[in-house]
J.: 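Starting off with a structure, shown below.
We name chains A, B, ... by the order of the sequence lines, and we start the count at 1 in each one. The basis for the numbers below is simple: all heavy atoms, side chains too, and nothing from hydrogens, waters or symmetry mates.
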Protein chains: 2
Amino acid sequence: MSQAYDVYNDRCPTRMVLDRIADKWAVLILDRLQDGPVRFNHLRRDIHGISQKVLSQTLKKIERDGLVSRTVYATVPVTVEYALTPLGRTLTETVRTLAHWAEKNMDAVLAAQQAYDAATAPPR
Amino acid sequence: MSQAYDVYNDRCPTRMVLDRIADKWAVLILDRLQDGPVRFNHLRRDIHGISQKVLSQTLKKIERDGLVSRTVYATVPVTVEYALTPLGRTLTETVRTLAHWAEKNMDAVLAAQQAYDAATAPPR
DNA sequence: CTGGATCCGTAACGATACTG
DNA sequence: CAGTATCGTTACGGATCCAG
């Protein structure tokens, strides 16, 4: 993280953006949209564990951030498609590097956790 | 995000790791440790807005994940230093790319938010 | 100095029911 | 289909006090 801004202080704009990135559901949604527009209930089905309420809220947030677009089709019943904006696409691309890290180092993290637990819990 | 794992399903290990990355305070701490070991109260002072409770909890979490090491010096009073592990360092490096994105696109996000708010709120 | 323990308010979330 | 509204619960964070 660059020191161009005072990242550790409140009112830091970078920190503000970090708040948004640090949203698990938002990241998952952004990722799911990478292959093209997806409808509301389709997202709901694909992202297991998300409630329709949280999905709705999160979509609104990232739409406000300019990361996704919302397109309503006057079909009956109505159809709504969410898609990445160009800005959103640049973000998912950098998020990809995080995912790669996760896949590569997951085993190491798991091992570390087990070691930690073994070193702290067993005294019992 | 790669599709090697079923990222959208629970029980997905990548998603588990994502949970940790999606922790604003953890990211801030990891970042602060990039230039070398830092003591508890020093972290507390530098990362404005974090409470000592949350700092303590977060440090434990990322220590358990093997991302930071905790070293106690038998001074008086006692001194504790936190430092990045090699694993932790690889993570901060990828997180850096996120920060770069934030700095580069912050203005665009801000503009998008204002446009969104202007398009939704004003009907009032 | 480095935390642990406690209390307590708030914001987040899940479930459910209802609407255009 | 795509949401909104309401309710109840829970998890999280802040503040304070205390201990090794």
J.: Have a look at A/Val54 and say if it touches a base, only the backbone sugar-phosphate, or nothing, with a 4.0 Å heavy-atom cut-off.
T.: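 Touches sugar-phosphate only.
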
J.: Over how many whole Å does the gap from B/Lys53 atom NZ to C/dG3 atom P extend?
T.: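 It is 16 Å, rounded to the nearest whole Å.
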
J.: Taking 4.0 Å as the cut-off, does a side-chain nitrogen or oxygen of A/Tyr82 come that near to OP1 or OP2 on D/dC1?
T.: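 Indeed not, no polar side-chain atom of A/Tyr82 lies that close.
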
J.: Is there side-chain contact between A/Thr92 and A/Leu84, with at least one heavy-atom pair below 4.5 Å?
T.: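 Of all side-chain heavy-atom pairs linking A/Leu84 with A/Thr92, at least one is under 4.5 Å.
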
J.: Output yes when at least one side-chain N/O atom of B/Ser56 is less than 4.0 Å from OP1 or OP2 of C/dG4, else no.
T.: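 It does, given that an N or O in the side chain of B/Ser56 lies less than 4.0 Å from OP1 or OP2 of C/dG4.
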
J.: Reckon A/Arg70 has a side-chain N or O less than 4.0 Å from the OP1 or OP2 of D/dG3?
T.: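 So the side chain of A/Arg70 is within the cut-off, an N or O lying under 4.0 Å from OP1 or OP2 of D/dG3.
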
J.: Side chains of B/Leu30 and B/Val95: closer than 4.5 Å at any heavy-atom pair?
T.: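 Answer no - side chains too far apart.
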
J.: A/Asp46 CG to D/dA2 P: how many Å, rounded?
T.: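 Taking atom P of D/dA2 as the reference, CG of A/Asp46 is at 12 Å.
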
J.: Would you kindly check whether a donor in the side chain of B/Gln52 faces an acceptor in the base of D/dG14, or vice versa, at under 3.5 angstrom?
T.: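 Counting by modelled atom types and ignoring angles, no donor-acceptor contact under 3.5 Å is found here.
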
J.: From CD of B/Gln57 over to P of D/dG14, roughly how many Å is that when rounded to an integer?
T.: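 Between P of D/dG14 and CD of B/Gln57: 10 Å.
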
J.: Starting from P on D/dA11, measure out to CH2 on B/Trp25 and report it in whole angstrom.
T.: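 One finds 21 Å between P of D/dA11 and CH2 of B/Trp25, rounded.
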
J.: Expressed in angstrom and rounded to an integer, what is the separation of A/Phe40 atom CZ from C/dT19 atom C1'?
T.: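 For the pair A/Phe40 CZ and C/dT19 C1', the rounded distance is 14 Å.
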
J.: B/Arg39 side chain N/O closer than 4.0 Å to the phosphate oxygens (OP1, OP2) of C/dT2?
T.: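 The answer is yes; a side-chain N or O of B/Arg39 sits under 4.0 Å from OP1 or OP2.
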
J.: Please determine whether side chain to side chain contact (heavy atoms under 4.5 Å, CB included) holds for the pair A/Arg39 and A/Tyr73, giving the CA-CA distance in whole Å, both sets of side-chain angles, and the decisive distance to 0.1 Å.
T.: CA-CA 11 Å; A/Arg39 284 179 296 112; A/Tyr73 295 99; over 6 Å; no

J.: Taking only N and O in the side chain of A/Lys60, is any of them less than 4.0 Å away from OP1 or OP2 of D/dT4?
T.: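 Yes, within the criterion.
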
J.: Could you tell me how far apart B/Leu43 (CG) and C/dT2 (C1') are, to the nearest whole angstrom?
T.: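 Rounded to whole Å, this separation is 12 Å.
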
J.: Could you check B/Asp31 against B/Gln34 for side-chain hydrogen bond (donor to acceptor under 3.5 Å, both in side chains), going step by step and ending with a plain yes or no?
T.: CA-CA 5 Å; B/Asp31 180 57; B/Gln34 273 183 127; 2.7 Å; yes

J.: Say you draw a straight line from CG of A/Leu43 to CD of A/Glu81; how long is it, rounded to the nearest 0.5 Å?
T.: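 The CG atom of A/Leu43 sits 10.5 Å away from the CD atom of A/Glu81.
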
J.: Could you tell me the separation between the CG atom of A/Leu55 and the P atom of D/dC1, rounded to a whole number of Å?
T.: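 Taking atom P of D/dC1 as the reference, CG of A/Leu55 is at 14 Å.
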
J.: How is A/Tyr73 classified with respect to the nucleic acid when contacts are heavy atoms under 4.0 Å: base, sugar-phosphate, or nothing?
T.: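 Counting heavy atoms under 4.0 Å across all strands, no contact is made by A/Tyr73.
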
J.: Nearest whole Å is fine: how far is D/dG3 P from A/Leu59 CG?
T.: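 That distance rounds to 7 Å.
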
J.: Hey, which sits more toward the 5' end of DNA chain C by its nearest nucleotide, A/Val78 or B/Thr79?
T.: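 Residue closer to the 5' terminus by nearest nucleotide: B/Thr79.
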
